[in-house]
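Take a look at the structure set out below.
Only heavy atoms go into these numbers, but all of them, side chains included; no hydrogens, no water, no symmetry mates. Here is how names work: the chains are called A, B, and so on, in the same order as the sequence lines, proteins then strands, and each is numbered from 1.
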Number of protein chains: 2
Amino acid sequence: MTKRTYSISELSEEFGITPRTLRYYEDEALIAPKREGQARIYSTSDRARLIWILRGKRVGFSITDIREVLNMHYGEGGKEEQCRVTITACNNRIKSLEQQKKDIDETLEELSNLVDTMTIFMAENYPEDNIL
Amino acid sequence: MTKRTYSISELSEEFGITPRTLRYYEDEALIAPKREGQARIYSTSDRARLIWILRGKRVGFSITDIREVLNMHYGEGGKEEQCRVTITACNNRIKSLEQQKKDIDETLEELSNLVDTMTIFMAENYPEDNIL
DNA sequence: TTCTTGGTTGACCTTTACGTAAAGGGTAAC
DNA sequence: GTTACCCTTTACGTAAAGGTCAACCAAGAA
């Protein structure tokens, strides 16, 4: 049970974001660190949430999307209807992520084709420059 | 050799975007349809560019990113240095897309875990509602 | 001729995700 | 005490990607 805590600048440096960003996420109710006086103090579980947030951003989730997913995770899944809603929301996200993977694969193929053609072109026209 | 052409509304309806969006892409130099008087008239190759643009957006490219890639594709790859720059730019994009795929896979796993837990929870607490 | 339909430009509006001061509190070192 | 550092809040600024609205043109239908 690691009881480590983090200051705002520790956390922001670790993940390459600014303190402003962390405060913004708090405004948007994505994280809720404890306070020590005025100062924010982040727990390991706050840190875990942050990791989720940042990965969410990298896959193109909006702040609202991320809040939704975090709420799914930590929210009281008590009520039946709420559960059902959450499950279908998840499934929708899953579908769109799978579409996104397809898009990425297609883009990757086009990009690597482009690289190939250009590499060949270079090899033909400027053979003196060894690309390898 | 399909010499079809498209009006702005045809194209926007086909892809579920507004004419405004197409005009905006033109302002941003992503497409350059011919004109018939004032009216824009899009060729099949304009349409192909549009497909690229929209897929680019879905994988999180910005307008600037997309312009860059389109220029790589259609730009004169003549000069040597330019080629080299283009190739490394492509490779950078490829790397980041691969990272993005990893992120997506991780997110997918967490989401499907979440769905699983909730489904089990539902089955235990509300067995009368058949989820299958 | 007037009306509708579909196109045009231009101008301003909106949302998202922060950046960037401005002004100040708390404590530790000098 | 004051300097330095890290933290705070409040608040306005900004870039991206369009939305929205007004005013206009042109061609065909009624």
I want to check one thing: is the phosphate of [N], taken as OP1 and OP2, less than 4.0 Å away from some side-chain N or O of [X]?
| X | N | value |
| --- | --- | --- |
| B:Arg40 | C:dG7 | no |
| A:Ser7 | D:dC7 | yes |
| A:Tyr25 | C:dC18 | yes |
| B:Ser9 | C:dG7 | yes |
| A:Arg35 | D:dT9 | yes |
| B:Thr21 | D:dG19 | yes |

For [X] and [N], give me the distance from atom [atom1] to atom [atom2], rounded to whole Å.
| X | N | atom1 | atom2 | answer |
| --- | --- | --- | --- | --- |
| B:Glu36 | C:dT8 | CD | P | 11 Å |
| A:Arg67 | C:dT15 | CZ | C1' | 13 Å |
| B:Phe61 | D:dA16 | CZ | P | 17 Å |
| A:Ile31 | C:dC18 | CD1 | C1' | 15 Å |
| B:Asp27 | D:dG19 | CG | P | 13 Å |
| B:Asp65 | D:dA17 | CG | P | 8 Å |
| A:Arg58 | C:dA17 | CZ | C1' | 17 Å |
| B:Glu26 | C:dG7 | CD | P | 14 Å |

**Item:** Cation-pi geometry met for A:Arg49 and A:Tyr42 (6.0 Å, 45°)
**Value:** no
**Request:** Output the single nucleotide from C:dA17, D:dT8, D:dA17 whose closest atom is nearest the side chain of A:Ile63.
**Result:** C:dA17
**Message:** If you only use heavy atoms from C-beta on, which nucleotide in D:dC7, C:dG19, D:dG18 is closest to the side chain of B:Lys57?
**Reply:** D:dG18
**Message:** Side chains of B:Ser9 and B:Ser12 only: does a donor on one sit below 3.5 Å from an acceptor on the other?
**Reply:** no
**Asked** Taking the nucleotide of DNA chain D with the closest heavy atom to each, which residue, B:Gln38 or B:Thr64, is nearer the 5' end?
**Response** B:Thr64
**Request:** Would you mind telling me which residue lines up with the more 5' stretch of DNA chain C, A:Ser62 or B:Arg20, judged by nearest nucleotide?
**Result:** B:Arg20
**Request:** Please step through side-chain hydrogen bond (donor to acceptor under 3.5 Å, both in side chains) for the pair A:Thr86 and A:Gln82, ending with a clear verdict.
**Result:** CA-CA 6 Å; A:Thr86 301; A:Gln82 178 56 27; 3.3 Å; yes
**Mutual orientation of the aromatic rings belonging to A:Trp52 and A:Phe61 [parallel < 30°, tilted 30-60°, perpendicular > 60°]** = tilted
**Request:** Begin with the C-alpha distance, continue with both residues' side-chain angles, and end with the deciding distance and a verdict on salt bridge (Lys or Arg N to Asp or Glu O under 4.0 Å) for A:Asp46 and A:Lys34.
**Result:** CA-CA 9 Å; A:Asp46 290 327; A:Lys34 295 270 149 44; over 6 Å; no
**Asked** What is the nucleic acid contact for B:Arg23, judged by heavy atoms within less than 4.0 Å: base, sugar-phosphate only, or nothing?
**Response** base
